[in-house]
Amino acid sequence: QDLLALVRALCVEAEARDLFTPVASALFQALGRLDRLHGGGTFEAWQDAVVALAIALAQTLGNLAVQNPTLQAIFWADGDSQLMLVHALLFAAKHSDFAVASPLLLLLHTMLVHGDEEAVAALAAHAQLLTALLQVAGLALAQCQREDAAAPAPAAASAGAASAEATSSEPAAGAGAPSRAAEAHATAVWIVGVLIDAGRGAALLSAAAAEESGRLQTVLFSLWLGHQLEAADEAHARSAHAPAPAVVEAHPIEQSFEALSAHFVALAEAATAAAVADNEAQLVRLLGVLAQDRRVFVERPCKKPLLHSLIDRLDVATQNKELVDFGMRGDLLRAIANLCFGCKPNQDAVREKENGLFIVLNQANVDDNSPFLREWAIFAIRSLTENNLENQQVISQLRVQGTVNSSIIEKAGLRVEMTEEGKPKLVRLYRIMSLPVLPMLAQRHPRRRPRRNDGQRGSAAVLTRASLRALPLRALPLRASPLLVELI
């Protein structure tokens with residue numbers, strides 16, 4: 001460990017860096033043997049020493065690779081070195097040790113930092129390395145979620161000034177500093193983003209599909225979504241200083257989007273209403289965010305298969321609301337709206353789908369399980385009809401075919417009827433004189449019955465609206481109170 005510390009310190013010197021290039025192969029071999037040292041038996045007592053050795057090895061190799069294209073080329077050309085890194089990542093994943101995983105991911109980051117196409121291609125072609133990367137990223141994501149759940153709640157605003165000053169003067173240990181798991185997750189997001197921007201999304205999907213449980217696919221979609229949101233923030237920051245280009249050029253990210261679209265189409269064809277994939281909601285959310293990027297529409301603007309699959313899933317989600325995830329219908333509408341925004345081929349594709357426009361129009365309502373569903377439906381209708389006379393004409397020719405009375409309307413004592421002009425209107429189900437509770441009400445409160453001319457009390461059949469108004473609310477029967485209060 002002392003020798004490694006010395007090597008790590010010396011390899012940052014530019015003059016000495018070339019002398020340590022041959023050492024890299026031996027260091028990678030040492031990383032590959034870590035699991036044997038940690039594997040059990042008589043070496044369990046050496047766990048702390050093995051972890052310290054792994055950290056030192058990863059940091060040493062990272063310092064050797066910084067601004068050293070020769071070593072980077074050797075690494076990507078040497079399959080054994082890549083395999084040793086795979087073993088080291090699997091070692092970190094096996095023991096959920098982020099003190100080891102973070103420098104290992106930083107080492108892989110260093111090997112890709114210059115964005116060399118050969119390095120990206122070599123990483124995309126190494127399925128084992130991608131699988132190990134996703135496994136470590138999944139553990140880091142789970143650890144971050146546990147840390148967020150265990151984080152203490154912020155201090156109440158009503159705390160005294162003295163206690164507030166004491167808190168600010170003595171911050172908690174490590175406050176404001178990211179954890180090892182957060183560092184590992186952020187590095188994994190960057191590495192996955194490099195592959196996605198290089199059009200290697202298909203390789204990532206293939207590596208994630210190697211695990212039958214689908215857990216790695218969920219991890220991949222999370223990393224992909226994090227990269228896309230970061231890219232959107234960077235693009236927004238750039239647009240504040242410089243106007244966006246008038247013409248969008250072709251970009252490899254479109255290839256990654258096409259691979260993701262094909263994956264969703266295959267998933268939608270295999271899924272049923274009762275067997276929705278666990279990661280489908282996250283995949284739909286990712287598609288909705290990616291569709292905001294105009295670079296995915298340059299070479300192939302029409303996304304007809306994807307749109308038809310999205311509409312089919314939206315129709316299923318509408319008919320089986322209790323079987324879909326929270327907010328699923330809104331996410332589906334978001335993807336459809338963004339795909340059709342300013343893209344006439346996609347607008348036409350929705351119209352060509354059987355009942356495609358009607359399914360979208362049917363979403364303009366309120367659903368407690370899908371917040372902002374009506375707002376996304378309005379935006380989707382705008383995206384479908386803007387500068388598209390054919391879609392406008394189809395919608396303008398719609399006519400009311402009948403009425404449907406929902407349970408909510410019936411519970412309110414109303415029903416929907418059609419007027420002579422063909423317009424719907426709400427009509428009350430009950431009249432005051434036909435209420436069955438009025439005789440019971442009159443018998444219970446005889447003093448409230450109006451008197452006839454001969455001085456005898458009248459029957460309940462002659463109760464007037466004025467006598468109902470005069471009746472105190474506390475005297476109303478419990479089962480009749482809501483309706484009678486409304487009438488009064």
Side-chain angles (χ1 to χ4, degrees), residues 76 105 108-109 111-112 115-138 141 185-211 214-232 234-235 248-270 277-307 309-310 331 334-335 338-339:
W76 292 116
L105 290 177
L108 190 56
H109 172 280
M111 297 296 182
L112 294 170
D116 185 72
E117 294 183 3
E118 295 180 359
V120 174
L123 176 58
H126 205 301
Q128 289 181 307
L129 187 53
L130 292 178
T131 302
L133 167 65
L134 293 176
Q135 288 182 355
V136 174
L141 177 61
H185 181 263
T187 308
V189 169
W190 185 91
I191 295 172
V192 169
V194 170
L195 293 169
I196 291 170
D197 290 341
R200 305 290 178 170
L204 286 167
L205 288 169
S206 178
E211 187 183 39
R215 185 180 62 87
L216 290 185
Q217 291 186 17
T218 303
V219 173
L220 174 59
F221 297 152
S222 175
L223 297 174
W224 199 328
L225 183 60
H227 164 69
Q228 195 63 28
L229 293 176
E230 288 182 357
E234 293 176 0
V248 181
E249 299 180 355
H251 195 276
I253 194 176
E254 186 172 358
Q255 301 175 16
S256 297
F257 182 79
E258 290 293 334
L260 191 66
S261 300
H263 179 75
F264 177 78
V265 171
L267 185 68
E269 291 176 353
D278 294 336
N279 51 24
E280 183 181 9
Q282 197 167 19
L283 176 55
V284 170
R285 193 173 301 115
L286 174 59
L287 287 171
V289 175
L290 279 170
Q292 297 176 354
D293 193 337
R294 295 294 96 185
R295 296 178 299 175
V296 304
F297 299 98
V298 177
E299 296 181 355
R300 296 181 59 185
C302 185
K303 313 295 183 185
K304 186 175 181 178
L306 175 60
L307 278 168
S309 297
L310 287 169
D331 292 335
R334 177 184 187 179
N338 289 336
L339 285 169

**Student:** Indicate the atoms forming the closest heavy-atom contact of G199 with Q255, along with that distance.
**Tutor:** O-OE1, 3.7 Å
**Student:** Please name the residue in the list V192, T187, V194 that meets the side chain to side chain contact (heavy atoms under 4.5 Å, CB included) test with W190.
**Tutor:** V194
**Student:** What is the minimum heavy-atom distance between R200 and A121, and which atoms define it?
**Tutor:** NH2-CB, 3.6 Å
**Student:** Checking E299 side chain against E254 main chain: does a donor-acceptor pair fall under 3.5 Å?
**Tutor:** no
**Student:** Over all heavy atoms of both residues, which pair between A259 and G201 is shortest? Give the atoms and the distance, please.
**Tutor:** CB-C, 4.3 Å
**Student:** Kindly indicate whether the side chain of R294, heavy atoms from C-beta on, has any atom under 4.5 Å from the side chain of H251.
**Tutor:** no
**Student:** Determine the minimum heavy-atom distance between A124 and L130, stating which atoms define it.
**Tutor:** O-CD1, 3.6 Å
**Student:** Mind checking the CZ-CD spacing from R215 to Q135? Nearest 0.5 Å is all I need.
**Tutor:** 6.5 Å
**Student:** Examine distances only and state if a side-chain atom of S206 and a backbone atom of A202 form a donor-acceptor pair shorter than 3.5 Å.
**Tutor:** no
**Student:** Tell me whether K303 contacts the main-chain N or O of V296 through its side chain, where contact means a donor paired with an acceptor under 3.5 Å.
**Tutor:** yes
**Student:** Give the intermediate values and the outcome of side-chain contact (heavy atoms from CB on, under 4.5 Å) for residues L286 and F257.
**Tutor:** CA-CA 10 Å; L286 174 59; F257 182 79; over 6 Å; no
**Student:** How many angstroms lie between atom NZ of K304 and atom CG of L307, to the nearest 0.5 angstrom?
**Tutor:** 10.5 Å
**Student:** Give the minimum heavy-atom separation between V289 and L225, together with the two atoms involved.
**Tutor:** CG2-CD1, 3.8 Å
**Student:** Among L223, L129, T218, which residue meets the side chain to side chain contact (heavy atoms under 4.5 Å, CB included) test with L134?
**Tutor:** L223
**Student:** How long is the straight-line distance from CE of M111 back to CD1 of I191, given to the nearest 0.5 Å?
**Tutor:** 11.5 Å
**Student:** Say you draw a straight line from CG of L287 to CG of L260; how long is it, rounded to the nearest 0.5 Å?
**Tutor:** 5.0 Å
**Student:** Roughly how far, to the nearest 0.5 Å, is CH2 of W76 from CG of L123?
**Tutor:** 4.5 Å
**Student:** For side-chain contact (heavy atoms from CB on, under 4.5 Å), just list the numbers for N338 and L290, CA-CA rounded to whole Å, side-chain angles, deciding distance to a tenth of an Å, and then say yes or no.
**Tutor:** CA-CA 9 Å; N338 289 336; L290 279 170; over 6 Å; no
**Student:** State, yes or no, whether a side-chain contact exists between Q228 and I253 at a heavy-atom distance under 4.5 Å.
**Tutor:** yes
**Student:** Which atoms form the tightest heavy-atom contact between A188 and A137, and what is the distance?
**Tutor:** CB-CB, 3.7 Å
**Student:** Could you tell me the separation between the CG atom of L204 and the OG1 atom of T131, rounded to the nearest 0.5 Å?
**Tutor:** 10.0 Å
**Student:** Is any side-chain heavy atom of L283 less than 4.5 Å from a side-chain heavy atom of Q217?
**Tutor:** no
